[in-house]
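Heads up: the structure comes next, in structure tokens.
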Amino acid sequence: MNTETLASALVPLPVLLPLVGAGLTLVAGPRDRWQRAVSISMLTAVLVDSFVLLVLVDRLGPLVVGVGGWPPPIGIPLVVDRLAALMLLVSSLVTLGVLLFSVGQGRSGEDERDGGAPLPIFHPTMMVLSAGVSTTFISGDLFHIYVGFEMLLVASFVLLTLGGSKERVRAGVNYVFVNLLSSLLFLSAIALVYASTGTVTLAQLAGRLDDIAPGLRLTLQLTLLLGFAIKAAVFPMSGWLPDSYPTAPAPVTAVFAGLLTKVGVYAIIRTQTLLFPDGRVNTLLLWAALLTMIVGILGAIAQDDVKRLLSFTLVSHIGYLIFGIAIANQAALSGAIFYVAHHIIIQTTLFLVVGLVEWRSGTTSLAELGGLARTSPLIAVLFFIAVLNLAGIPPFSGFLGKVGLMQGGVQAGTPLAYLLVAGTALTSLLTLYAVARVWARAFWQRPVTELTEQDSATGGPLPEPSMRRAAGLVTGSMRLEPQRLARLQLLADRPVPRGMMLPAAGLVIVSLALTLCAGPLFGVTDRAAGDLLARTPYIQAVFPGGVR
């Protein structure tokens, strides 16, 4: 079987299989068991296909298919190189893990207005979301990337508000408004690019953008970058994220946290290396990276809800990725690619583990949590491993990714690069402080229900507010209402379904496997970074006879 046949057979599948799955799950309608079987089968097939693609492109180079059999630039090129294949593999892995977690809850989605009844639209929407992510990763032209973004936007809005309360709908409206603004900027940039160059094919743009006026070229670059930076939650365009993600159910929040911002980061990597390799905005990106790190982690420290805290750490760690892109040497870019893969997995894992905490305790508020290390030791172990990895404690993959980024910064050798290296170290320490605070309050201190029961048994009054704050019973002036305490006591002994525990534990094991396989994975990311900086492997794969 030759390379062209392999490409034709395998490259379109990460998009086609989820779309077929979406159609089949719609046909299945309310038959939840059939929907689950179709969704799991399709995502498993995408995972296998993505792994095979990564092995093939690492050996053979980029694989290209022209949609409809038309050659580029007439047809839309679907291109899978090392970067795209790695992103496909990681994204399909976490999407499958999230879907299994959702199935393990015993229902597909949550209709808060109908007692948690199954929602038939959940599985089709997850399939569309997966197809949108894959479309963005393998698209070889700007407009098709835009189509992938819009598929993501529609699917994510449905998932964010699915069967939800007014709070979810309000958060969903804010999310859609911000992302529509991003899409409008992106679409405007595409129109400007086409008017200036006569094409939107990435491999063709790599040459034609060099021939236009420098001022116009810079305008196109900044417009594209601004649109992608909003989607990636780069400071100061990151305020929408902590208000949107925590309101969704645990599986939805997990897939959002793991994937959606990374799609924006991927678009920045692809366009900055292929279309704008001159580095004219790298200084701007470095400052944005530093501010994203620091502002994000300071926001995390100020939070008293675990979901919001993790949402702010998500923003903070986007700064690491922008740091590697802006340094733009092979070591930094390789570290950024490695860190993207690590962060997709670890952020998804953490939100799933927090979903276990919420299921077990009925809350994610630090003022209402406590004692989980004793009452739920397995959840405590999973959380402990995941947060150490997030904080970058040796020898976990988070530490290895940050070392790669720091090496790239040191190689650059500029004062601003050294400042970013120091910012990376400081942010890691503050991340450790933030998650240690969660551990101490949610897992180590005595449960709020026990403190209340003891108070009731002695017949004494509740402690003063200052003492209750110290015990974790209040946040600011908030007092736990009797109805709320009764609900927490009711949920205190609720067992966690095995179907929820196993996917979360599986992703924790995968995050540990990244450490064990860091050598081969860094080999792949080093070669991917070399190809991105050289540009020729991508361009020649799309136009073997030369760019037309």
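Below, all heavy atoms of this structure are taken into account, side chains as well, without hydrogens, waters or symmetry copies.
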Ignoring hydrogens, what is the shortest heavy-atom contact between Thr424 and Met293? Give both atom names and the distance. OG1-CE, 3.5 Å
Quick one, Val94 and Val255 - any side-chain contact, counting heavy atoms below 4.5 Å? no
Leu222 and Leu284: side chain to side chain contact (heavy atoms under 4.5 Å, CB included), yes or no, with the steps? CA-CA 10 Å; Leu222 290 174; Leu284 176 64; 4.2 Å; yes
Matching residue for Leu286 among Leu416, Ile325, Ile322 - test: side-chain contact (heavy atoms from CB on, under 4.5 Å): Leu416
Check: Gly299 main-chain N/O paired with Gln303 side-chain donor or acceptor under 3.5 Å: yes
Distance only, no hydrogens: is a donor on one side chain within 3.5 Å (strictly under) of an acceptor on the other, for Tyr433 and Arg437? no
Which heavy atom of Ser92 sits nearest to which heavy atom of Ser50, and what is that distance? OG-OG, 3.8 Å
Supply the atom-to-atom distance Lys262 NZ to Phe137 CZ, rounded to the nearest 0.5 angstrom. 10.0 Å
Answer yes if the side chains of Lys231 and Thr261 hold a donor-acceptor pair under 3.5 Å, and no otherwise. no
Taking the side chain as every heavy atom from C-beta outward, state whether Leu309 and Thr313 have any pair of such atoms under 4.5 Å apart. yes
Applying side chain to side chain contact (heavy atoms under 4.5 Å, CB included) to Ile337 and Arg82, what does each step give before you reach the verdict? CA-CA 10 Å; Ile337 297 170; Arg82 291 184 177 95; over 6 Å; no
Please tell me if the side chains of Val90 and Leu86 come closer than 4.5 Å, counting only heavy atoms from C-beta onward. yes
Within this structure, what is the CG-CG distance for the pair Asn174 and Asn179, rounded to the nearest 0.5 Å? 11.0 Å
Heavy atoms of Thr515 and Pro395 approach each other most closely as CG2-O, 2.9 Å
Greater than 12 external heavy atoms within 6.0 Å of Trp439's CH2: yes
Do Thr136 and Tyr266 have side-chain N/O donor and acceptor atoms under 3.5 Å apart? no
Rounded to the nearest 0.5 Å, what's the gap from OG1 on Thr427 to CG on Leu432? Could you check? 12.5 Å
Any side-chain to backbone donor/acceptor pair from Thr271 onto Ala267? Under 3.5 Å, distance only. yes
For the side chain of Glu358 and the backbone of Ala250, is there at least one donor-acceptor N/O pair under 3.5 Å apart? no
Flag for His317-Tyr339: side-chain donor and acceptor within less than 3.5 Å: yes
For a side chain to side chain contact (heavy atoms under 4.5 Å, CB included) check, start with the C-alpha distance between Phe256 and Leu241, then their side-chain angles and the critical distance, and finish with the verdict. CA-CA 10 Å; Phe256 280 20; Leu241 190 150; over 6 Å; no
Side chain proximity check, Val234 to Phe228, heavy atoms < 4.5 angstrom: no
Parallel, tilted or perpendicular, judged at 30° and 60°: which one describes the rings of Phe338 and Phe522? parallel
So do the side chains of Ser39 and Met127 get within less than 4.5 Å of each other, counting heavy atoms only? yes
If you look only at pairs with a residue in residues 281-292, which of them pass as a side chain to side chain donor-acceptor pair (under 3.5 Å), with sequence neighbours excluded? none
Nearest 0.5 Å, what's the OG1-CG distance between Thr253 and Leu352? 9.5 Å
Step by step, would you call Phe351 with Leu310 a side chain to side chain contact (heavy atoms under 4.5 Å, CB included)? CA-CA 8 Å; Phe351 274 99; Leu310 290 178; 3.6 Å; yes
Looking at every heavy atom in both Gly324 and Leu405, which two are closest together, and how far apart are they? CA-CD2, 3.7 Å
Any heavy-atom pair between the side chains of Ile318 and Phe323 that's under 4.5 Å? no
Give a yes or no answer on whether the side chain of Lys402 reaches the backbone of Ala391 with a donor-acceptor pair at less than 3.5 Å. yes
When you compare the side chain of Gln272 with that of Leu285, does any pair of heavy atoms fall below 4.5 Å? yes
Just so I know, are the side chains of Gln330 and Leu532 near enough to count as touching, which here means a heavy-atom distance under 4.5 Å? no
Taking atom types as modelled and ignoring hydrogens, do the side chains of Ser365 and Asp305 form a donor-acceptor contact shorter than 3.5 angstrom? no
So, the side chain of Ser102 versus the backbone of Leu99: is there a donor-acceptor pair under 3.5 Å, distance only? no
Heavy-atom pair with the smallest gap, counting every atom of Ala417 and Gly409: CB-O, 3.5 Å
List for me each residue that meets side chain to side chain contact (heavy atoms under 4.5 Å, CB included) alongside Phe51, sequence neighbours excluded, and say none if there are none. Val55, Leu89
Taking everything shown except Phe157 itself, do over 12 heavy atoms lie less than 6.0 Å from its CZ? yes
One should read off an interatomic distance between Leu507 CG and Ile344 CD1, to the nearest 0.5 angstrom, of 12.0 Å
Donor-acceptor under 3.5 Å (Asn389 side chain, Gly398 main chain): yes
Under 3.5 Å, side chain of Trp444 to main-chain N/O of Gly370, donor-acceptor pair present? no
If you round to the nearest 0.5 Å, how far is CG of Leu333 from CG of Asn329? 8.0 Å
Under the 3.5 angstrom rule, does the side chain of Arg308 hit a backbone N or O of Pro242 as a donor-acceptor pair? yes
Closest approach of Leu152 and Gly132, non-hydrogen atoms and distance? CG-C, 4.1 Å
